[in-house]
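FYI, the numbering just counts along the sequence from 1.
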Amino acid sequence: SALTARHELALGGIPIVDIGSAVEPAFRVDTRVVRARPGDVVVIGGADERKNIPRLLRAWVQVPAGVRSRRRLVVVAGVDRETHLRWNHQVVHLGIEDSVLLAGGVPESELIDLLQRAELSIFPSTEEGFGLPVVEAAACGCPVICARGSSLDQVAGDPAMQFDPYDIMSMAQSIESAVVDDDHR
């Protein structure tokens with residue numbers, strides 16, 4: 001949930017409302033927390049196709065086994081039972097059930113803890129209005145990579161943080177670089 005600032009201006013009798021996006025104060029770096037390396041790679045998504053979770057699961061398979069085996073892809077997404085079963089079937093079919101956790105929806109406090117401890121957050125959406133989870137992860141001190149395109153170009157800023165959301169190998173290479181290459185990180 002984002003903090004909002006409400007400024008109203010009447011233009012020709014039509015009210016215009018400016019609603020800004022900001023990160024809740026609870027999303028912050030906790031200096032008492034030790035970030036695990038290797039550790040969790042967190043994705044915050046949803047059931048709709050634009051969140052790109054099935055393609056991310058296929059990309060996770062392409063991350064070299066030695067890199068993937070010491071990490072866990074944690075999918076945080078409160079989805080319906082049918083979607084969860086479909087994703088679970090894909091995980092089993094791809095043979096990655098030992099390195100993927102379909103966490104479902106989690107309370108904000110658990111999400112913050114997860115982001116503060118995670119090695120990486122990935123945001124593979126093909127289309128976004130703003131991309132608040134990118135900013136929330138960064139506010140928690142978690143390195144972030146995200147899809148190129150939509151509003152995420154402006155949110156992420158640095159092209160080194162971005163990958164082609166339609167290219168599984170681009171996504172896999174970006175994940176690998178973000179977790180093994182300290183200079184890139």
Side-chain angles (χ1 to χ4, degrees), residues 1-5 19-57 59-60 63 68 70-88 90-91 96-147 150-158 161-163 165 171 174-175 178-179 185:
S1 63
L3 295 174
T4 57
I19 301 174
S21 294
V23 176
E24 293 283 351
F27 287 89
R28 60 177 164 58
V29 174
D30 185 341
T31 56
R32 299 168 297 172
V33 173
V34 176
R35 188 167 309 282
R37 284 198 63 202
D40 290 337
V41 175
V42 178
V43 58
I44 302 166
D48 48 325
E49 191 174 318
R50 70 186 175 91
K51 295 297 186 176
N52 212 15
I53 302 302
R55 196 173 282 121
L56 173 61
L57 295 173
W60 186 247
V63 174
R68 192 180 65 240
R70 298 184 321 227
R71 291 169 176 85
R72 178 175 67 163
L73 178 65
V74 179
V75 180
V76 176
V79 297
D80 58 88
R81 180 173 166 69
E82 181 181 317
T83 301
H84 182 84
L85 290 172
R86 189 173 62 249
W87 289 353
N88 191 63
Q90 182 180 3
V91 165
I96 53 176
E97 60 270 21
D98 59 334
S99 67
V100 174
L101 172 63
L102 300 176
V106 300
E108 188 175 272
S109 61
E110 288 181 32
L111 176 61
I112 292 167
D113 184 60
L114 187 60
L115 290 172
Q116 289 172 337
R117 296 175 189 282
E119 183 177 11
L120 178 69
S121 180
I122 180 168
F123 201 61
S125 291
T126 59
E127 191 177 309
E128 279 301 324
F130 177 70
L132 191 59
V134 171
V135 181
E136 290 172 339
C140 288
C142 185
V144 181
I145 58 173
C146 65
S150 189
S151 65
L152 299 177
D153 292 343
Q154 290 81 32
V155 175
D158 186 350
M161 294 174 53
Q162 301 170 1
F163 54 83
M171 201 180 306
S174 192
I175 294 168
V179 297
R185 220 174 142 69

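Rounded to the nearest 0.5 angstrom, Leu111 CG and Ser121 OG are separated by 8.5 Å. Ile44 contributes atom CD1, which lies 12.0 Å from atom CD1 of Ile122 (distance to the nearest 0.5 angstrom). Between the CD atom of Glu82 and the CG atom of Asp80 there is a distance of 6.0 Å, given to the nearest 0.5 Å. The CG atom of Leu114 sits 8.0 Å away from atom SG of Cys142, with the distance rounded to the nearest 0.5 Å. Of the inter-residue distances, the one linking Arg32 atom CZ with Gln116 atom CD reads 8.5 Å to the nearest 0.5 angstrom. The CZ atom of Arg86 sits 11.5 Å away from atom CG of Leu102, with the distance rounded to the nearest 0.5 Å.
The two atoms that bring Ala118 and Val42 nearest to each other are CB-CG2, 3.6 Å, heavy atoms only. Here the shortest heavy-atom pairing between Gly46 and Val79 reads C-CG1, 4.0 Å. Here the shortest heavy-atom pairing between Val43 and Pro124 reads CG2-CD, 3.6 Å. Residue Phe163 comes nearest to Phe123 through the heavy atom pair CZ-O, 3.9 Å, listed as atom of the first residue, atom of the second, then distance. Taking each heavy atom of Val134 and Cys146 in turn, the nearest pair found is CG2-CB, 4.3 Å. Contact between Trp60 and Arg72 at its shortest, heavy atoms only, is CZ2-C, 4.2 Å.
Counting heavy atoms from C-beta outward, Lys51 and Ser125 have side chains that approach closer than 4.5 Å. Proximity of Thr126 to Arg55: side-chain heavy atoms (C-beta onward) are separated by under 4.5 Å at one or more points. Between Val100 and Trp87 the shortest side-chain heavy-atom distance does not fall below 4.5 Å.
With Arg35 contributing its side chain and Leu115 its backbone, the two residues share a donor-acceptor pair below 3.5 Å. Of the possible donor and acceptor atoms, none in the side chain of Arg70 sits under 3.5 Å from a partner among the backbone N and O of Arg37.
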* To do: Show your reasoning for whether side-chain contact (heavy atoms from CB on, under 4.5 Å) applies to Cys140 and Arg28.
  => CA-CA 4 Å; Cys140 288; Arg28 60 177 164 58; over 6 Å; no
For Met171 and Asn52, run side-chain contact (heavy atoms from CB on, under 4.5 Å): C-alpha distance rounded to whole Å, both residues' side-chain angles, the deciding distance at 0.1 Å, then the answer. CA-CA 11 Å; Met171 201 180 306; Asn52 212 15; 3.8 Å; yes
Walk me through whether Arg117 and Asp40 qualify under side-chain contact (heavy atoms from CB on, under 4.5 Å). CA-CA 8 Å; Arg117 296 175 189 282; Asp40 290 337; over 6 Å; no
Exercise for review: Please report the C-alpha distance between Ile175 and Leu56 in whole Å, then the side-chain angles of each, then the deciding distance to 0.1 Å, and finally whether the side-chain contact (heavy atoms from CB on, under 4.5 Å) criterion is met.
Suggested key: CA-CA 10 Å; Ile175 294 168; Leu56 173 61; 4.0 Å; yes
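When each of Ile96, Leu57, Leu101 is paired with Leu73, the side-chain contact (heavy atoms from CB on, under 4.5 Å) condition holds for Leu57 and for no other.
Within 6.0 Å of CD in Glu97 there are more than 12 heavy atoms belonging to other residues, nucleotides or ligands.
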